[in-house]
6 protein chains.
Amino acid sequence: MPFIKIETTREGVTREQKQQLIKGVTDLMTEVLNKDPHLTHVVIQEVDLDDWGYAGEQSSVLREKGFTADKK
Amino acid sequence: MPFIKIETTREGVTREQKQQLIKGVTDLMTEVLNKDPHLTHVVIQEVDLDDWGYAGEQSSVLREKGFTADKK
Amino acid sequence: MPFIKIETTREGVTREQKQQLIKGVTDLMTEVLNKDPHLTHVVIQEVDLDDWGYAGEQSSVLREKGFTADKK
Amino acid sequence: MPFIKIETTREGVTREQKQQLIKGVTDLMTEVLNKDPHLTHVVIQEVDLDDWGYAGEQSSVLREKGFTADKK
Amino acid sequence: MPFIKIETTREGVTREQKQQLIKGVTDLMTEVLNKDPHLTHVVIQEVDLDDWGYAGEQSSVLREKGFTADKK
Amino acid sequence: MPFIKIETTREGVTREQKQQLIKGVTDLMTEVLNKDPHLTHVVIQEVDLDDWGYAGEQSSVLREKGFTADKK
(Lines give C-alpha, C1' and ligand atoms only; values in the text may rest on other atoms or scores of the structure.)
Protein backbone atom coordinates (compact mmCIF):
# COMPACT_ATOMS: atom_id res chain seq x y z
CA MET A 1 0.00 0.00 0.00
CA PRO A 2 2.62 2.65 0.63
CA PHE A 3 3.89 4.45 -2.45
CA ILE A 4 6.94 6.63 -1.88
CA LYS A 5 8.26 9.13 -4.47
CA ILE A 6 11.78 10.48 -3.95
CA GLU A 7 12.47 13.53 -6.12
CA THR A 8 16.05 14.78 -6.15
CA THR A 9 18.38 16.66 -8.48
CA ARG A 10 20.23 14.69 -11.17
CA GLU A 11 23.74 14.89 -9.73
CA GLY A 12 25.34 11.48 -10.21
CA VAL A 13 23.18 9.22 -8.03
CA THR A 14 24.69 5.76 -8.55
CA ARG A 15 22.83 2.46 -8.98
CA GLU A 16 24.06 1.30 -5.59
CA GLN A 17 22.83 4.51 -3.93
CA LYS A 18 19.41 3.96 -5.50
CA GLN A 19 19.38 0.41 -4.07
CA GLN A 20 20.21 1.84 -0.63
CA LEU A 21 17.41 4.43 -0.91
CA ILE A 22 14.87 1.81 -1.99
CA LYS A 23 15.87 -0.66 0.73
CA GLY A 24 16.12 2.06 3.39
CA VAL A 25 12.68 3.52 2.70
CA THR A 26 11.03 0.08 2.43
CA ASP A 27 12.60 -1.06 5.72
CA LEU A 28 11.46 2.20 7.37
CA MET A 29 7.84 1.58 6.31
CA THR A 30 8.04 -1.90 7.82
CA GLU A 31 9.75 -0.82 11.05
CA VAL A 32 7.45 2.16 11.70
CA LEU A 33 4.12 1.07 10.18
CA ASN A 34 4.64 -2.71 9.84
CA LYS A 35 3.91 -2.48 6.10
CA ASP A 36 4.38 -5.54 3.90
CA PRO A 37 7.37 -4.94 1.56
CA HIS A 38 5.42 -6.74 -1.15
CA LEU A 39 2.85 -3.93 -1.06
CA THR A 40 5.49 -1.15 -0.92
CA HIS A 41 6.58 0.69 -4.07
CA VAL A 42 9.32 3.33 -4.24
CA VAL A 43 9.99 5.58 -7.24
CA ILE A 44 13.11 7.72 -7.57
CA GLN A 45 12.74 10.72 -9.87
CA GLU A 46 15.90 12.58 -10.84
CA VAL A 47 15.33 16.18 -11.94
CA ASP A 48 17.74 18.15 -14.16
CA LEU A 49 19.41 21.10 -12.41
CA ASP A 50 17.76 23.49 -14.90
CA ASP A 51 14.38 22.17 -13.79
CA TRP A 52 14.72 22.48 -10.02
CA GLY A 53 14.23 25.95 -8.61
CA TYR A 54 15.22 26.97 -5.08
CA ALA A 55 14.92 30.47 -3.60
CA GLY A 56 13.75 31.71 -7.00
CA GLU A 57 16.79 30.44 -8.94
CA GLN A 58 17.65 27.39 -11.05
CA SER A 59 19.83 24.89 -9.25
CA SER A 60 22.15 24.92 -12.28
CA VAL A 61 22.77 28.64 -11.68
CA LEU A 62 23.13 28.05 -7.94
CA ARG A 63 25.72 25.36 -8.59
CA GLU A 64 27.68 27.79 -10.81
CA LYS A 65 27.69 30.15 -7.78
CA GLY A 66 29.03 27.34 -5.57
CA PHE A 67 25.81 26.58 -3.71
CA THR A 68 25.33 22.81 -3.33
CA ALA A 69 22.67 20.61 -1.67
CA ASP A 70 25.31 18.87 0.43
CA LYS A 71 25.09 18.75 4.19
CA LYS A 72 26.92 21.80 5.53
CA MET B 1 -11.07 18.70 -14.52
CA PRO B 2 -9.76 15.19 -14.05
CA PHE B 3 -6.01 14.80 -14.24
CA ILE B 4 -4.77 11.22 -14.36
CA LYS B 5 -1.08 10.25 -13.95
CA ILE B 6 -0.09 6.72 -15.00
CA GLU B 7 3.35 5.77 -13.68
CA THR B 8 4.78 2.51 -14.97
CA THR B 9 8.19 0.96 -15.59
CA ARG B 10 9.99 1.74 -18.86
CA GLU B 11 9.65 -1.65 -20.55
CA GLY B 12 8.82 -1.02 -24.19
CA VAL B 13 5.41 0.66 -24.00
CA THR B 14 4.57 1.42 -27.65
CA ARG B 15 2.97 4.58 -29.08
CA GLU B 16 -0.19 2.62 -29.86
CA GLN B 17 -0.38 1.26 -26.31
CA LYS B 18 -0.07 4.81 -24.98
CA GLN B 19 -2.96 5.86 -27.26
CA GLN B 20 -5.03 2.97 -25.86
CA LEU B 21 -4.23 3.95 -22.28
CA ILE B 22 -5.12 7.61 -22.92
CA LYS B 23 -8.37 6.76 -24.70
CA GLY B 24 -9.30 4.06 -22.20
CA VAL B 25 -8.82 6.28 -19.13
CA THR B 26 -10.58 9.26 -20.74
CA ASP B 27 -13.56 7.12 -21.77
CA LEU B 28 -13.70 5.66 -18.24
CA MET B 29 -13.91 9.15 -16.72
CA THR B 30 -16.79 9.95 -19.06
CA GLU B 31 -18.64 6.67 -18.53
CA VAL B 32 -18.35 6.68 -14.71
CA LEU B 33 -18.32 10.39 -13.84
CA ASN B 34 -19.68 11.95 -17.06
CA LYS B 35 -16.55 14.11 -17.35
CA ASP B 36 -16.00 16.22 -20.47
CA PRO B 37 -13.03 14.78 -22.43
CA HIS B 38 -12.01 18.37 -23.23
CA LEU B 39 -11.37 18.89 -19.51
CA THR B 40 -9.58 15.54 -19.04
CA HIS B 41 -5.78 15.32 -19.12
CA VAL B 42 -3.76 12.09 -18.88
CA VAL B 43 0.01 11.91 -18.35
CA ILE B 44 2.01 8.72 -18.76
CA GLN B 45 5.28 8.65 -16.86
CA GLU B 46 7.72 5.83 -17.66
CA VAL B 47 10.20 5.06 -14.89
CA ASP B 48 13.56 3.36 -15.45
CA LEU B 49 13.86 -0.10 -13.86
CA ASP B 50 16.72 1.16 -11.65
CA ASP B 51 14.38 3.81 -10.27
CA TRP B 52 11.37 1.65 -9.35
CA GLY B 53 11.70 -0.27 -6.11
CA TYR B 54 9.39 -3.13 -5.11
CA ALA B 55 9.72 -5.26 -1.95
CA GLY B 56 12.92 -3.39 -1.12
CA GLU B 57 14.68 -4.15 -4.42
CA GLN B 58 15.25 -2.38 -7.73
CA SER B 59 13.04 -3.67 -10.53
CA SER B 60 16.18 -4.03 -12.68
CA VAL B 61 17.55 -6.52 -10.14
CA LEU B 62 14.17 -8.25 -9.89
CA ARG B 63 14.07 -8.62 -13.67
CA GLU B 64 17.55 -10.21 -13.61
CA LYS B 65 16.07 -12.72 -11.14
CA GLY B 66 13.19 -13.43 -13.53
CA PHE B 67 10.50 -11.51 -11.65
CA THR B 68 8.27 -9.54 -14.06
CA ALA B 69 5.22 -7.28 -13.66
CA ASP B 70 3.21 -9.41 -16.08
CA LYS B 71 -0.10 -10.92 -15.12
CA LYS B 72 0.61 -14.38 -13.65
CA MET C 1 4.31 -1.81 -10.83
CA PRO C 2 1.85 0.63 -12.29
CA PHE C 3 0.72 3.37 -9.94
CA ILE C 4 -2.19 5.45 -11.19
CA LYS C 5 -3.33 8.70 -9.52
CA ILE C 6 -6.77 10.04 -10.46
CA GLU C 7 -7.25 13.64 -9.37
CA THR C 8 -10.76 15.06 -9.76
CA THR C 9 -12.93 17.71 -8.15
CA ARG C 10 -14.87 16.79 -4.99
CA GLU C 11 -18.36 16.73 -6.46
CA GLY C 12 -20.18 13.77 -4.96
CA VAL C 13 -18.19 10.80 -6.31
CA THR C 14 -19.89 7.77 -4.75
CA ARG C 15 -18.24 4.66 -3.29
CA GLU C 16 -19.56 2.59 -6.18
CA GLN C 17 -18.16 5.02 -8.73
CA LYS C 18 -14.76 4.79 -7.03
CA GLN C 19 -14.97 0.98 -7.28
CA GLN C 20 -15.74 1.32 -11.01
CA LEU C 21 -12.80 3.69 -11.53
CA ILE C 22 -10.40 1.39 -9.65
CA LYS C 23 -11.57 -1.74 -11.48
CA GLY C 24 -11.69 0.03 -14.85
CA VAL C 25 -8.16 1.41 -14.62
CA THR C 26 -6.73 -1.86 -13.28
CA ASP C 27 -8.39 -3.87 -16.06
CA LEU C 28 -7.08 -1.37 -18.62
CA MET C 29 -3.50 -1.83 -17.41
CA THR C 30 -3.93 -5.61 -17.75
CA GLU C 31 -5.59 -5.47 -21.18
CA VAL C 32 -3.11 -2.99 -22.71
CA LEU C 33 0.16 -3.77 -20.90
CA ASN C 34 -0.59 -7.21 -19.39
CA LYS C 35 0.18 -5.88 -15.91
CA ASP C 36 -0.45 -8.07 -12.86
CA PRO C 37 -3.37 -6.58 -10.86
CA HIS C 38 -1.50 -7.57 -7.70
CA LEU C 39 1.22 -5.09 -8.66
CA THR C 40 -1.24 -2.33 -9.66
CA HIS C 41 -2.19 0.46 -7.25
CA VAL C 42 -4.75 3.18 -7.93
CA VAL C 43 -5.25 6.29 -5.79
CA ILE C 44 -8.23 8.63 -6.16
CA GLN C 45 -7.65 12.15 -4.91
CA GLU C 46 -10.68 14.43 -4.62
CA VAL C 47 -9.88 18.13 -4.68
CA ASP C 48 -12.14 20.84 -3.21
CA LEU C 49 -13.63 23.20 -5.80
CA ASP C 50 -11.82 26.14 -4.16
CA ASP C 51 -8.53 24.33 -4.78
CA TRP C 52 -8.90 23.47 -8.46
CA GLY C 53 -8.22 26.29 -10.89
CA TYR C 54 -9.17 26.23 -14.56
CA ALA C 55 -8.66 29.06 -17.05
CA GLY C 56 -7.39 31.24 -14.20
CA GLU C 57 -10.47 30.82 -12.00
CA GLN C 58 -11.49 28.66 -9.05
CA SER C 59 -13.85 25.85 -9.98
CA SER C 60 -16.14 26.96 -7.15
CA VAL C 61 -16.52 30.33 -8.87
CA LEU C 62 -16.95 28.65 -12.25
CA ARG C 63 -19.71 26.46 -10.82
CA GLU C 64 -21.48 29.56 -9.49
CA LYS C 65 -21.38 30.86 -13.10
CA GLY C 66 -22.92 27.61 -14.33
CA PHE C 67 -19.76 26.09 -15.82
CA THR C 68 -19.53 22.36 -15.02
CA ALA C 69 -17.05 19.60 -15.88
CA ASP C 70 -19.81 17.45 -17.37
CA LYS C 71 -19.63 16.15 -20.90
CA LYS C 72 -21.27 18.76 -23.15
CA MET D 1 16.64 19.67 -2.73
CA PRO D 2 15.12 16.27 -2.13
CA PHE D 3 11.35 16.21 -1.86
CA ILE D 4 9.90 12.93 -0.64
CA LYS D 5 6.15 12.12 -0.76
CA ILE D 6 4.94 9.17 1.32
CA GLU D 7 1.45 8.06 0.32
CA THR D 8 -0.17 5.46 2.57
CA THR D 9 -3.66 4.38 3.58
CA ARG D 10 -5.38 6.26 6.43
CA GLU D 11 -5.22 3.55 9.08
CA GLY D 12 -4.35 5.22 12.37
CA VAL D 13 -0.82 6.56 11.71
CA THR D 14 0.09 8.35 14.95
CA ARG D 15 1.89 11.68 15.32
CA GLU D 16 4.93 9.88 16.72
CA GLN D 17 5.02 7.48 13.79
CA LYS D 18 4.91 10.46 11.40
CA GLN D 19 7.88 11.97 13.27
CA GLN D 20 9.76 8.67 12.87
CA LEU D 21 8.98 8.55 9.15
CA ILE D 22 10.10 12.16 8.62
CA LYS D 23 13.31 11.71 10.62
CA GLY D 24 14.05 8.31 9.08
CA VAL D 25 13.67 9.49 5.49
CA THR D 26 15.62 12.71 6.10
CA ASP D 27 18.48 10.81 7.77
CA LEU D 28 18.50 8.32 4.88
CA MET D 29 18.94 11.15 2.33
CA THR D 30 21.86 12.46 4.36
CA GLU D 31 23.50 9.06 4.88
CA VAL D 32 23.18 7.92 1.25
CA LEU D 33 23.36 11.17 -0.74
CA ASN D 34 24.84 13.57 1.86
CA LYS D 35 21.85 15.89 1.42
CA ASP D 36 21.47 18.90 3.72
CA PRO D 37 18.44 18.32 6.00
CA HIS D 38 17.66 22.02 5.64
CA LEU D 39 17.01 21.41 1.94
CA THR D 40 15.00 18.20 2.51
CA HIS D 41 11.20 18.24 2.62
CA VAL D 42 8.98 15.24 3.38
CA VAL D 43 5.20 15.13 2.88
CA ILE D 44 3.00 12.35 4.26
CA GLN D 45 -0.28 11.90 2.43
CA GLU D 46 -2.88 9.63 4.04
CA VAL D 47 -5.43 8.19 1.63
CA ASP D 48 -8.89 6.96 2.66
CA LEU D 49 -9.40 3.20 2.22
CA ASP D 50 -12.21 3.89 -0.29
CA ASP D 51 -9.72 5.82 -2.41
CA TRP D 52 -6.86 3.31 -2.58
CA GLY D 53 -7.33 0.49 -5.07
CA TYR D 54 -5.22 -2.66 -5.12
CA ALA D 55 -5.68 -5.63 -7.45
CA GLY D 56 -8.79 -3.93 -8.85
CA GLU D 57 -10.55 -3.54 -5.50
CA GLN D 58 -11.00 -0.79 -2.92
CA SER D 59 -8.83 -1.28 0.16
CA SER D 60 -11.96 -0.76 2.29
CA VAL D 61 -13.51 -3.82 0.64
CA LEU D 62 -10.25 -5.75 0.98
CA ARG D 63 -10.12 -4.93 4.70
CA GLU D 64 -13.69 -6.24 5.09
CA LYS D 65 -12.40 -9.49 3.52
CA GLY D 66 -9.54 -9.61 6.05
CA PHE D 67 -6.76 -8.52 3.68
CA THR D 68 -4.41 -6.04 5.39
CA ALA D 69 -1.22 -4.22 4.35
CA ASP D 70 0.67 -5.61 7.33
CA LYS D 71 3.89 -7.54 6.92
CA LYS D 72 2.94 -11.22 6.58
CA MET E 1 -1.71 21.35 -21.22
CA PRO E 2 0.13 22.67 -18.22
CA PHE E 3 -0.85 21.15 -14.91
CA ILE E 4 0.51 22.92 -11.86
CA LYS E 5 0.34 21.47 -8.32
CA ILE E 6 0.99 23.85 -5.41
CA GLU E 7 1.64 21.99 -2.17
CA THR E 8 1.82 24.15 0.96
CA THR E 9 1.19 23.78 4.69
CA ARG E 10 -2.38 24.22 5.97
CA GLU E 11 -1.95 27.54 7.73
CA GLY E 12 -5.04 29.62 7.01
CA VAL E 13 -4.82 30.13 3.23
CA THR E 14 -7.97 32.13 2.41
CA ARG E 15 -10.29 31.69 -0.59
CA GLU E 16 -9.10 34.99 -2.00
CA GLN E 17 -5.46 33.97 -1.68
CA LYS E 18 -6.25 30.75 -3.54
CA GLN E 19 -7.84 32.82 -6.32
CA GLN E 20 -4.69 34.96 -6.50
CA LEU E 21 -2.46 31.88 -6.68
CA ILE E 22 -4.59 30.29 -9.43
CA LYS E 23 -4.75 33.51 -11.47
CA GLY E 24 -1.09 34.32 -10.92
CA VAL E 25 0.18 30.89 -12.01
CA THR E 26 -2.16 30.74 -15.01
CA ASP E 27 -1.12 34.24 -16.16
CA LEU E 28 2.54 33.26 -15.73
CA MET E 29 2.10 30.22 -18.02
CA THR E 30 0.54 32.48 -20.63
CA GLU E 31 3.13 35.26 -20.33
CA VAL E 32 6.18 32.93 -20.40
CA LEU E 33 5.02 30.00 -22.55
CA ASN E 34 1.95 31.50 -24.28
CA LYS E 35 -0.21 28.67 -22.91
CA ASP E 36 -3.98 28.80 -23.41
CA PRO E 37 -5.66 29.35 -20.02
CA HIS E 38 -8.40 26.96 -21.14
CA LEU E 39 -5.79 24.18 -21.21
CA THR E 40 -4.20 25.18 -17.88
CA HIS E 41 -5.19 23.46 -14.62
CA VAL E 42 -3.91 24.41 -11.17
CA VAL E 43 -4.40 22.33 -8.02
CA ILE E 44 -3.67 23.63 -4.53
CA GLN E 45 -2.95 20.95 -1.95
CA GLU E 46 -2.84 22.01 1.70
CA VAL E 47 -0.86 19.70 3.97
CA ASP E 48 -1.37 19.43 7.73
CA LEU E 49 1.61 20.64 9.80
CA ASP E 50 2.00 17.12 11.27
CA ASP E 51 2.43 15.80 7.73
CA TRP E 52 5.08 18.18 6.41
CA GLY E 53 8.63 17.44 7.52
CA TYR E 54 11.52 19.89 7.16
CA ALA E 55 15.09 19.34 8.37
CA GLY E 56 13.96 16.04 9.89
CA GLU E 57 11.18 17.51 12.02
CA GLN E 58 7.42 17.94 11.76
CA SER E 59 6.36 21.48 10.88
CA SER E 60 3.94 21.36 13.83
CA VAL E 61 6.90 20.86 16.17
CA LEU E 62 8.89 23.55 14.35
CA ARG E 63 6.00 25.98 14.76
CA GLU E 64 5.92 25.24 18.53
CA LYS E 65 9.62 26.23 18.54
CA GLY E 66 8.79 29.49 16.76
CA PHE E 67 10.09 28.50 13.32
CA THR E 68 7.71 29.72 10.59
CA ALA E 69 7.72 29.56 6.77
CA ASP E 70 7.35 33.33 6.51
CA LYS E 71 9.80 35.45 4.58
CA LYS E 72 12.54 36.49 6.99
CA MET F 1 7.50 24.81 2.69
CA PRO F 2 5.76 25.33 -0.60
CA PHE F 3 6.61 22.77 -3.25
CA ILE F 4 5.33 23.59 -6.72
CA LYS F 5 5.37 21.10 -9.62
CA ILE F 6 4.84 22.51 -13.13
CA GLU F 7 4.06 19.77 -15.66
CA THR F 8 3.97 20.84 -19.30
CA THR F 9 4.54 19.29 -22.72
CA ARG F 10 8.11 19.09 -24.03
CA GLU F 11 7.89 21.72 -26.76
CA GLY F 12 11.10 23.73 -26.67
CA VAL F 13 10.94 25.40 -23.26
CA THR F 14 14.22 27.36 -23.06
CA ARG F 15 16.54 27.71 -20.06
CA GLU F 16 15.57 31.36 -19.75
CA GLN F 17 11.86 30.54 -19.78
CA LYS F 18 12.47 28.00 -16.99
CA GLN F 19 14.23 30.74 -14.97
CA GLN F 20 11.21 33.02 -15.51
CA LEU F 21 8.80 30.29 -14.40
CA ILE F 22 10.85 29.52 -11.27
CA LYS F 23 11.24 33.18 -10.33
CA GLY F 24 7.63 33.99 -11.16
CA VAL F 25 6.16 31.18 -9.06
CA THR F 26 8.52 31.83 -6.13
CA ASP F 27 7.70 35.57 -6.15
CA LEU F 28 3.98 34.72 -6.29
CA MET F 29 4.25 32.52 -3.17
CA THR F 30 5.98 35.39 -1.36
CA GLU F 31 3.55 38.09 -2.54
CA VAL F 32 0.38 36.11 -1.79
CA LEU F 33 1.37 33.92 1.17
CA ASN F 34 4.54 35.69 2.39
CA LYS F 35 6.51 32.45 2.00
CA ASP F 36 10.30 32.48 2.48
CA PRO F 37 11.98 31.84 -0.91
CA HIS F 38 14.57 29.76 0.94
CA LEU F 39 11.80 27.31 1.84
CA THR F 40 10.24 27.32 -1.65
CA HIS F 41 11.07 24.61 -4.20
CA VAL F 42 9.82 24.52 -7.80
CA VAL F 43 10.15 21.53 -10.14
CA ILE F 44 9.46 21.73 -13.87
CA GLN F 45 8.56 18.42 -15.49
CA GLU F 46 8.49 18.31 -19.29
CA VAL F 47 6.34 15.52 -20.73
CA ASP F 48 6.79 14.07 -24.22
CA LEU F 49 3.87 14.75 -26.60
CA ASP F 50 3.24 10.99 -26.89
CA ASP F 51 2.76 10.85 -23.13
CA TRP F 52 0.28 13.70 -22.65
CA GLY F 53 -3.32 12.87 -23.48
CA TYR F 54 -6.04 15.49 -23.96
CA ALA F 55 -9.64 14.80 -24.96
CA GLY F 56 -8.75 11.12 -25.37
CA GLU F 57 -5.90 11.69 -27.82
CA GLN F 58 -2.11 11.95 -27.67
CA SER F 59 -0.84 15.52 -27.94
CA SER F 60 1.55 14.33 -30.68
CA VAL F 61 -1.47 13.30 -32.75
CA LEU F 62 -3.27 16.54 -31.89
CA ARG F 63 -0.25 18.54 -33.03
CA GLU F 64 -0.25 16.65 -36.35
CA LYS F 65 -3.89 17.81 -36.71
CA GLY F 66 -2.83 21.41 -36.04
CA PHE F 67 -4.14 21.63 -32.47
CA THR F 68 -1.67 23.50 -30.23
CA ALA F 69 -1.65 24.52 -26.56
CA ASP F 70 -1.04 28.16 -27.48
CA LYS F 71 -3.32 30.91 -26.34
CA LYS F 72 -6.03 31.33 -28.98
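Numbered from 1 within each chain, the chains take letters A, B, ... in sequence-line order.
Classified by interplanar angle (parallel below 30°, tilted 30° to 60°, perpendicular above 60°), the ring pair E:H41/C:Y54 is tilted.
Separation of atoms CD1 (E:I44) and CD (C:Q58) is listed at 7.0 Å; rounding is to 0.5 Å. Note: E:T14 OG1 to C:D50 CG = 10.0 Å, rounded to the nearest 0.5 Å. Considering CD1 of E:I6 and CG of C:D51, their distance stands at 10.0 Å, rounded to 0.5 Å.
Counting only heavy atoms from C-beta outward, the side chains of E:R15 and C:S60 approach each other to under 4.5 Å. Looking at heavy atoms from C-beta onward, E:Q45 lies in side-chain contact with C:Q45 at the 4.5 angstrom threshold. Side chains of C:E57 and E:K23 form no contact here, defined as non-hydrogen atoms less than 4.5 Å apart.
Between chain C and the residues E:V43, E:T26, E:D27, E:T40, the largest count of heavy-atom pairs under 4.5 Å involves E:V43.
Annotation for C:K5: atom NZ counts as buried by contact number, over 12 foreign heavy atoms lying within 6.0 Å.
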